[in-house]
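I have placed the structure first, in the form of structure tokens, so that the comments after it can refer back to it.
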Amino acid sequence: MTLLVAGFSSFPGAPDNPTEYLVRTLAADDDAGGDLATVVLPVEWERSWPVLEAAIVAAKADTVLLFGLHRRAERLRIELLARNRRELGRVDAAGGFPSGPAVLDGAETIPLALPWRDVARTLREARVSFEWSTNAGAYLCNDTLYRLAFHAGRLGVARFGFFHVPLTDELVALSPVEPTPEIFCSLAAVDLERAARHLIATLSTAAPSA
């Protein structure tokens, strides 16, 4: 079985997405191991989940880690819940809009499934600051996450989690990002990569259970 790491491509207001850079870096890493698969998801209401589902099936992944950009995050944010909601009127990268306020005909919330103590210990060992969150928003990150949580059992995915990340220092230095709050936080790309690698190492050796 395989651990799948997914990030997202650019979207309105974020011409560069640090999670896409993260995934491409991991994909090009010969030391990542043969049991690691990666995919970059389009930020599109109608395409994000089909692309992720196809990647899960192709890799026969039993563990899925999603990374997405949150421009107002102050540190790595560990999401604990997927919520059955969409932000109406929110345009995606292809100019599309959500078809309704709910993601699917399902529960209001679905808990994510990772060994949380191991996750916390791993990030502390990696010296990466983090916080817990029960609000993944109502944009494509949450939309894709809810679909993953809803279909996990059918797809044989025993463990799945989502990590929101701030902008990286490198992208802030590259060009201003609009719209953005007057004050916001960032982290170095190397810190994001270190966090991801530590999580991959821990979850690749731990038994698939939450």
Side-chain angles (χ1 to χ4, degrees), residues 4-24 37-73 77-114 132-167 171 177-181 184 210:
L4 174 67
V5 177
F8 288 86
S9 59
S10 59
F11 58 91
D16 294 288
N17 193 324
T19 68
E20 178 175 1
Y21 287 91
L22 170 66
V23 168
R24 298 200 184 283
T38 59
V39 63
V40 176
L41 306 176
V43 183
E44 299 179 27
W45 293 108
E46 300 301 324
R47 290 187 60 226
S48 178
W49 167 245
V51 171
L52 178 58
E53 182 179 25
I56 292 170
V57 172
K60 298 181 180 178
D62 69 338
T63 301
V64 179
L65 300 182
L66 300 180
F67 289 85
L69 171 64
H70 191 312
R71 290 170 297 178
R72 290 173 173 79
R77 182 177 295 182
I78 306 170
E79 301 296 345
L80 296 173
L81 291 176
R83 295 185 177 274
N84 193 7
R85 65 186 183 192
R86 288 168 152 184
E87 184 178 349
L88 294 178
R90 185 77 183 273
V91 66
D92 66 16
F97 294 90
S99 57
V103 181
L104 293 170
D105 183 13
E108 181 178 347
T109 62
I110 303 177
L112 307 192
L114 284 179
W132 304 96
S133 168
T134 60
N135 183 1
Y139 193 43
L140 260 297
C141 286
N142 177 74
D143 190 88
T144 307
L145 177 60
Y146 186 89
R147 292 175 185 275
L148 170 60
F150 187 88
H151 293 291
R154 173 178 63 83
L155 294 171
V157 177
R159 301 177 302 181
F160 53 93
F162 190 95
F163 301 85
H164 262 131
V165 308
L167 286 165
L171 290 182
V177 178
E178 297 291 346
T180 194
F184 60 98

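Bear in mind the structure is a predicted one, so any value in this text is a computation, not a measurement.
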Between atom CG of L155 and atom CG of L148, what is the distance when rounded to the nearest 0.5 Å? 8.0 Å

Below 4.5 Å, heavy atoms only, C-beta onward: do D92 and Y139 meet side chain to side chain? yes

For T134, is there any backbone N or O sitting under 3.5 Å from a side-chain donor or acceptor partner on R83? yes

Please find the pair of heavy atoms, one from P18 and one from D16, that lie closest to each other, and give the distance. CD-O, 3.8 Å

Determine whether L167 and L69 make a side-chain contact, defined as any pair of heavy atoms from C-beta on separated by less than 4.5 Å. yes

Taking side chain as C-beta onward, heavy atoms only, is S48 less than 4.5 Å from V43? no

Against H164, only a single residue in R77, E79, R71 fulfils side chain to side chain donor-acceptor pair (under 3.5 Å); can you say which? E79

Please examine the side chains of V40 and F8, heavy atoms only from C-beta on, and report whether any two atoms are closer than 4.5 Å. no

Any idea which heavy atoms bring E108 and Y146 closest together, and the distance? O-CE1, 4.4 Å

Locate the shortest heavy-atom distance separating P166 from A73; write the atom from each residue and the value. CB-O, 3.6 Å

Tell me, which pairs form a side-chain hydrogen bond (donor to acceptor under 3.5 Å, both in side chains) where one or both residues lie in residues 5-15, sequence neighbours left out? none

Restricting to non-hydrogen atoms, name the atom on A37 and the atom on A59 that form the minimum distance, rounded to 0.1 Å. CB-CB, 3.8 Å

Any chance you could measure L4, atom CG, to F160, atom CZ, to the nearest 0.5 Å? 13.5 Å

Please report the interatomic distance CG(L80) to CD1(I110), rounded to the nearest 0.5 Å. 14.0 Å

Hits for side chain to side chain donor-acceptor pair (under 3.5 Å) against R86, two or more places apart or cross-chain, chain-then-number order -> S99, D143

Could you state the interatomic distance from CG (L22) to CG (L65), rounded to the nearest 0.5 Å? 10.0 Å

Non-hydrogen atoms of A113 and A158 that approach each other most closely: CB-O, 3.8 Å

Shortest non-hydrogen contact from N84 to G106? ND2-O, 3.3 Å

Side-chain touch H151/L104, heavy atoms, less than 4.5 angstrom: yes

With rounding to the nearest 0.5 Å, note down the distance linking CG in L145 to CG in L112. 5.0 Å

Which value, rounded to the nearest 0.5 Å, describes the distance between L140 atom CG and L41 atom CG? 9.0 Å

Taking the side chain as C-beta and beyond, is there a heavy-atom pair between F163 and L114 under 4.5 Å? yes

Check for a donor-acceptor pair, side chain of D62 on one end and backbone N or O of R159 on the other, with a separation under 3.5 Å. no

